[in-house]
> 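Mind having a look at this structure? Questions to follow.
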Number of protein chains: 2
Amino acid sequence: MADFADRCDCTVIHEDVVERVKEVMPEEENLYDLAELFKVFGDTTRIKLLWALDKEEMCVCDLAILLNMTQSAVSHQLRVLKQARLVKFRRDGKNVYYSLDDDHVKLMFEQGLLHINEKEPK
Amino acid sequence: MADFADRCDCTVIHEDVVERVKEVMPEEENLYDLAELFKVFGDTTRIKLLWALDKEEMCVCDLAILLNMTQSAVSHQLRVLKQARLVKFRRDGKNVYYSLDDDHVKLMFEQGLLHINEKEPK
DNA sequence: TGAACATATGAATAACTGTACATATGTTAT
DNA sequence: ATAACATATGTACAGTTATTCATATGTTCA
């Protein structure tokens, strides 16, 4: 039950609306996880990494070259992607090869680009 | 052409890989915009707002009640959603009613939840 | 016109985040 | 074992961000 104490008056009228919406809101935990996931996508470097790894398996130093970044920076960001379960990796000698470990990433990116292009004309 | 100067040796071997991937990478600008969009999704408050507004049009103070937040905080976040062209609004008397202005949001959220639930068992 | 309500906005602050630098760990070959 | 390479990680720091508080703007009604 919502708490309508000492707030806007208009909400008394809209009480039913708030209740209706409240019922369809997902679990707090799921919303938190969802935000955490999108946070991972909210960085150009990580977007690039995911895009690259969706195309082909690559080792860290190659990714560093591709993105023109420090090996350290790439490694740090790969850790974030690892924690989010978005990439997997295998060791082969001195190299560690990363690749995409998610089927939804591409679809989400595509939807994102759709939004961007639709609203394009600033 | 990639710059392979004074970097890892292994990249000399992988030069073709880097070149191949480089060719399929989207425009820098698109990737930036994409990250910006996801950044908007990367916050629990905004996720909640979008979810609520996807269900029903609501005014600011109702949203504040629903999310148990300050009117000011909600207003600030709605501004972010406005700038990202994710919500639209109409004034009716003293109230301003916001609603979702994007067809892709829901699909992206669903994909996100799919990922989360798939990888669930921590 | 002025009072009350609803929303927007500016400023300040605490918390968070991405990168660079230095260094540690892990692997191979000699 | 040791040197060289590849990757990971700890620390520090600059830049960003979400919220709060105070206040301004906009709207209605008496």
Side-chain angles (χ1 to χ4, degrees), chain A residues 4 6-14 17-18 31-32 35-36 38-49 53 57-84 87-99, chain B residues 4 6-14 17-18 31-32 35-36 38-49 53 57-84 87-99:
Chain A
F4 295 104
D6 56 34
R7 291 277 199 155
C8 302
D9 296 347
C10 77
T11 307
V12 177
I13 307 166
H14 300 151
V17 177
V18 176
L31 292 173
Y32 179 81
E36 287 304 302
F38 283 125
K39 222 170 271 182
V40 174
F41 296 145
D43 177 82
T44 314
T45 298
R46 289 191 294 263
I47 291 262
K48 285 178 186 170
L49 286 172
L53 296 176
E57 171 187 77
M58 292 180 82
C59 71
V60 180
C61 75
D62 288 344
L63 288 166
I65 298 245
L66 177 69
L67 305 193
N68 193 35
M69 288 180 64
T70 307
Q71 171 269 319
S72 173
V74 171
S75 200
H76 275 294
Q77 297 300 358
L78 284 172
R79 190 163 58 87
V80 175
L81 297 178
K82 235 187 294 181
Q83 284 169 345
V87 298
K88 57 181 187 290
F89 60 97
R90 66 180 179 84
R91 178 141 224 155
D92 180 20
K94 285 179 290 188
N95 296 312
V96 176
Y97 291 90
Y98 283 83
S99 58
Chain B
F4 296 103
D6 57 31
R7 292 274 201 159
C8 303
D9 297 347
C10 77
T11 307
V12 177
I13 305 165
H14 301 151
V17 178
V18 176
L31 293 172
Y32 179 81
E36 287 302 303
F38 283 125
K39 222 171 270 182
V40 174
F41 296 146
D43 176 82
T44 314
T45 298
R46 290 191 293 264
I47 292 263
K48 286 178 186 170
L49 287 172
L53 295 176
E57 171 187 77
M58 292 180 81
C59 71
V60 180
C61 74
D62 289 346
L63 288 166
I65 299 246
L66 177 70
L67 304 193
N68 193 36
M69 288 181 64
T70 307
Q71 172 271 320
S72 174
V74 170
S75 200
H76 275 297
Q77 295 302 356
L78 284 172
R79 190 163 59 86
V80 175
L81 296 178
K82 235 186 296 182
Q83 283 169 346
V87 298
K88 56 180 188 289
F89 60 98
R90 66 180 180 85
R91 177 141 223 156
D92 180 20
K94 286 179 289 188
N95 296 311
V96 176
Y97 291 89
Y98 283 83
S99 58

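A note on names: the letters A, B, ... follow the listed sequences, proteins ahead of strands, and every chain is numbered from 1.
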> Over how many whole Å does the gap from Gln83(A) atom CD to dG18(C) atom C1' extend?
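Interatomic distance, CD of Gln83(A) to C1' of dG18(C): 14 Å.
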
> Check nucleotides 12-16 of chain C for protein N or O atoms closer than 3.5 Å to its own N or O atoms and list the pairs.
none

> Of the nucleotides dG10(D), dT19(D), dT28(C), which one has an atom closest to the side chain of Ser72(A)?
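Side chain of Ser72(A) sits closest to dG10(D).
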
> Can you tell me the distance, in whole Å, between the NE2 atom of His14(B) and the P atom of dC5(D)?
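After rounding, the reported distance stands at 15 Å.
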
> Let me know the distance between CZ of Phe89(B) and C1' of dT7(C), rounded to the nearest Å.
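Value for this atom pair: 11 Å.
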
> Output the rounded distance in Å from NZ (Lys94(B)) to C1' (dT25(D)).
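Distance check: Lys94(B) NZ to dT25(D) C1' gives 15 Å.
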
> In residues 42-49 of chain A, which residues come under 4.0 Å of DNA chain D by heavy atom?
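Nothing qualifies; none.
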
> Taking the side chain from Arg91(A) and the backbone from Gly93(A), do they hold a donor-acceptor pair closer than 3.5 Å?
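Yes: the side chain of Arg91(A) pairs with the backbone of Gly93(A).
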
> With side chain to side chain contact (heavy atoms under 4.5 Å, CB included) as the test, would you mind laying out the steps for Val80(B) and Leu49(B) before giving the verdict?
CA-CA 11 Å; Val80(B) 175; Leu49(B) 287 172; over 6 Å; no

> Nearest to the side chain of Met69(A) - dA8(D), dT19(C), dT20(D)?
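Nearest nucleotide to the side chain: dT19(C).
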
> When all nucleic acid strands are considered with a 4.0 Å heavy-atom cut-off, which category describes Tyr98(B): base, sugar-phosphate, or nothing?
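Sugar-phosphate, no base atom in range.
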
> What's Ala73(A) touching, base or sugar-phosphate or nothing? Going by heavy atoms closer than 4.0 Å.
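Since only primed, P, OP1 and OP2 atoms lie under 4.0 Å of Ala73(A), the category is sugar-phosphate.
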
> Rounded to the nearest 0.5 Å, how far apart are CG of Asp62(B) and OH of Tyr98(B)?
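That separation rounds to 13.0 Å.
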
> In Å, rounded to the nearest 0.5 Å, how long is the span from CG of Leu67(B) to CE of Met58(B)?
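If we round to the nearest 0.5 Å, Leu67(B):CG and Met58(B):CE are 8.0 Å apart.
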
> What is the distance, to the nearest angstrom, from the CG atom on Leu78(B) to the P atom on dT7(C)?
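About 10 Å, once rounded to whole Å.
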
> Check the geometry between His76(B) and dT19(D) and answer yes if their rings are stacked (centres below 5.5 Å, planes below 30°), otherwise no.
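Stack criterion not met.
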
> From dA8(D), dT9(C), dT28(D), pick the nucleotide closest to the side chain of Ser75(B)?
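Among dA8(D), dT9(C), dT28(D), the one nearest the side chain of Ser75(B) is dT9(C).
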
> Distance from Arg90(B) atom CZ to Glu57(B) atom CD, nearest 0.5 Å?
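So the gap between those two atoms works out to 4.0 Å.
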
> Tell me: CG of Leu67(B) to C1' of dT20(D), nearest whole Å?
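Computing the Leu67(B):CG to dT20(D):C1' distance gives 16 Å.
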
> Could you walk me through whether Val17(B) and Leu66(A) pass side chain to side chain contact (heavy atoms under 4.5 Å, CB included), step by step?
CA-CA 10 Å; Val17(B) 178; Leu66(A) 177 69; over 6 Å; no

> Can you work out whether Gln77(A) or Gly93(A) has the more 5'-proximal nearest nucleotide on DNA chain C?
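Nearer the 5' end of the strand: Gln77(A).
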
> Would you mind reading off the distance between Asp92(B) atom CG and dG26(D) atom C1', rounded to a whole angstrom?
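Atom CG in Asp92(B) sits about 14 Å away from atom C1' in dG26(D).
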
> Is a side-chain donor or acceptor of Asp43(A) paired with a backbone partner of Thr45(A) at a separation under 3.5 angstrom?
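Answer holds: yes.
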
> Do Arg46(A) side-chain atoms and Lys39(A) backbone N/O form a donor-acceptor pair below 3.5 Å?
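It does hold such a pair.
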
> Once rounded to the nearest 0.5 Å, what's the spacing between atom CG of Asn95(B) and atom NE2 of His14(A)?
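Here the rounded value is 5.5 Å.
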
> Using a cut-off of less than 4.0 Å, is there contact between a side-chain N or O of Asn95(A) and OP1 or OP2 of dC5(D)?
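Checking dC5(D) against Asn95(A), no side-chain N or O comes under 4.0 Å of OP1 or OP2.
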
> Find the distance Phe41(B):CZ to dA18(D):P and express it as a whole number of Å.
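Checked: the CZ to P distance equals 14 Å.
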
> Between dA20(C), dA8(C), dT7(D), which nucleotide gets closest to the side-chain atoms of Gln71(B)?
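Within the option list, the nearest is dA8(C).
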
> Can you tell me how far apart SG (Cys59(A)) and CD (Gln71(A)) are? Round to the nearest 0.5 Å.
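Those atoms lie 10.5 Å apart.
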
